[in-house]
Amino acid sequence: QYSLGTLYYKGQGVVQDHSIAANWFQQSAVQGNVSSLYRLGLCYQHGHGVPEDFAKAADNFRAAADEGHLDSKFLLARLYFDGKGVLQDHTQAAELFRAVADNGHPGAQYMIGRCYEDGKGIEQDFQQAAGWYRLSADQNDQNGQFRLGYCTEFGNGVMQSHPVAAGWYRKAADQGHAEAQARLGHCLDLGLGVTQDYGEAAKYFRLSGEQGVAEAQARLAQYFDQGL
């Protein structure tokens, strides 16, 4: 049942149909299949084949998390962090993020870093934040790379270094991270840690601006006005 649901969900060998997929996941989930509980949670979270329902998503993620499913535990933590489908509880979110992060999950490593950086659900600690961002960044997580770059640019929890910050920004920017593209453009614009290069700066401002980052859009408009 889970395998059939997956085929319909992805459209592999059959016409893609999220409704049929969700039905198969439901049948399998009631029998306690952990992977189906996770997939059904995703269906409810994104409204794929069923009406969007964060509360039902949380129920399914929780059931799978209780069986040790790490991705479900991570997504349940995100729901607690954002207050979707459950009462917002940053402390509960941080506990879940930490449990998953300790198992090497890069997304959870990034999120527990955010909890430490912002002091949400846990005592603020920039060194802890930077440490978790580093673990996430080393697994090529673009969010972790961006935040580690930001911490390094401003010396939050790590030694300040513009060259190192620009390097992390570039790694995230080249994966399409909009804010990293804007910060890398800023570094190139001013020559912070890199050789000043207006052409490269404009490239990254444009990429970031196309994703809606107002800072990048404004600086690119100034480039046009100044003929750069």
Side-chain angles (χ1 to χ4, degrees), residues 2 5-6 9-10 18 21-22 25-26 29 33-126 128-151 157 172 175-180 211-213:
Y2 168 73
T6 302
Y9 192 85
K10 297 181 177 179
H18 287 156
F25 292 146
Q26 177 70 52
N33 183 284
V34 175
S35 295
S36 290
L37 287 165
Y38 166 66
R39 287 289 181 182
L40 187 58
L42 288 176
C43 288
Y44 279 116
Q45 184 176 31
H46 299 292
H48 290 169
V50 291
E52 184 181 277
D53 189 324
F54 289 110
K56 289 183 178 179
D59 288 342
N60 282 281
F61 289 147
R62 186 178 294 105
D66 288 344
E67 297 298 322
H69 194 274
L70 288 179
D71 284 332
S72 293
K73 188 174 290 188
F74 171 67
L75 292 175
L76 178 61
R78 286 301 305 257
L79 293 178
Y80 274 114
F81 190 83
D82 296 330
K84 291 183 175 180
V86 294
L87 288 175
Q88 190 172 51
D89 187 334
H90 288 145
T91 301
Q92 178 71 13
E95 290 175 0
L96 290 168
F97 285 139
R98 179 60 188 262
V100 182
D102 283 340
N103 281 276
H105 190 291
Q109 290 168 341
Y110 161 71
M111 285 303 302
I112 191 62
R114 285 307 303 262
C115 290
Y116 274 116
E117 184 178 10
D118 299 334
K120 288 186 175 179
I122 203 164
E123 186 175 350
Q124 189 175 50
D125 187 323
F126 291 123
Q128 282 279 358
W132 284 109
Y133 289 150
R134 180 59 187 257
L135 291 173
S136 176
D138 283 343
Q139 294 196 68
N140 211 35
D141 183 89
Q142 59 180 277
N143 292 313
Q145 291 168 342
F146 168 66
R147 292 310 303 178
L148 182 57
Y150 191 88
C151 288
Q175 291 194 71
H177 193 288
E179 292 175 278
Q211 295 194 68
V213 177

What heavy-atom pair brings [X] and [Y] nearest, and what distance separates the two atoms?
{"X": "Val86", "Y": "Ala58", "answer": "CG1-CB, 3.8 Å"}
{"X": "Lys73", "Y": "Ala99", "answer": "CD-CB, 4.3 Å"}
{"X": "Phe25", "Y": "Cys43", "answer": "CD1-SG, 4.0 Å"}
{"X": "Phe74", "Y": "Ala108", "answer": "CE1-N, 3.6 Å"}
{"X": "Gly113", "Y": "Ala129", "answer": "O-CB, 3.4 Å"}
{"X": "Gly41", "Y": "Phe61", "answer": "C-CZ, 3.5 Å"}

Any donor and acceptor pair, going by atom type alone, linking the side chain of [X] with main-chain N or O of [Y] inside 3.5 Å?
{"X": "Asp82", "Y": "Lys84", "result": "no"}
{"X": "Thr6", "Y": "Tyr2", "result": "yes"}
{"X": "Gln45", "Y": "Asp53", "result": "no"}
{"X": "Glu95", "Y": "Ala77", "result": "no"}
{"X": "Glu117", "Y": "Arg147", "result": "no"}

Are [X] and [Y] close enough that some pair of their side-chain heavy atoms sits under 4.5 Å apart?
{"X": "Leu96", "Y": "Leu76", "result": "yes"}
{"X": "Trp132", "Y": "Cys115", "result": "no"}
{"X": "Phe97", "Y": "Gln92", "result": "no"}
{"X": "Tyr116", "Y": "Arg114", "result": "no"}
{"X": "Arg62", "Y": "Leu37", "result": "no"}

Roughly how far, to the nearest 0.5 Å, is [atom2] of [Y] from [atom1] of [X]?
{"X": "Asn103", "Y": "Gln109", "atom1": "CG", "atom2": "CD", "result": "10.0 Å"}
{"X": "His69", "Y": "Tyr38", "atom1": "NE2", "atom2": "OH", "result": "6.0 Å"}
{"X": "Asn33", "Y": "Leu40", "atom1": "CG", "atom2": "CG", "result": "11.0 Å"}
{"X": "Tyr110", "Y": "Gln145", "atom1": "OH", "atom2": "CD", "result": "12.0 Å"}

*Output yes when Asp138 and Arg134 qualify as a salt bridge under the 4.0 Å nitrogen-oxygen rule, no when they do not.*
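Here Asp138 pairs with Arg134 in a salt bridge, since their nearest N and O are under 4.0 Å apart.
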*Salt-bridge criterion met for Lys56 and Asp59 (N-O under 4.0 Å)*: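 Salt bridge: no.
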_Pair His90 + Tyr80: ring centers closer than 6.0 Å_ = no
*asked:* Evaluate Phe81 against Met111 for side-chain contact (heavy atoms from CB on, under 4.5 Å), listing each step before the verdict.
replied: CA-CA 9 Å; Phe81 190 83; Met111 285 303 302; 3.9 Å; yes
*Would you sort out whether Gln128 and Glu123 count as a side chain to side chain donor-acceptor pair (under 3.5 Å), showing the intermediate values?*
CA-CA 10 Å; Gln128 282 279 358; Glu123 186 175 350; over 6 Å; no
*Out of Asp141, Ile112, Leu135, Asp71, which one pairs with His105 under the side chain to side chain contact (heavy atoms under 4.5 Å, CB included) rule?*
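The passing option is Asp71.
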_Aromatic plane relationship, His48 with His18 - under 30° parallel, 30 to 60° tilted, over 60° perpendicular_ =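 Taking His48 first and then His18, their aromatic rings lie parallel (interplane angle under 30°).
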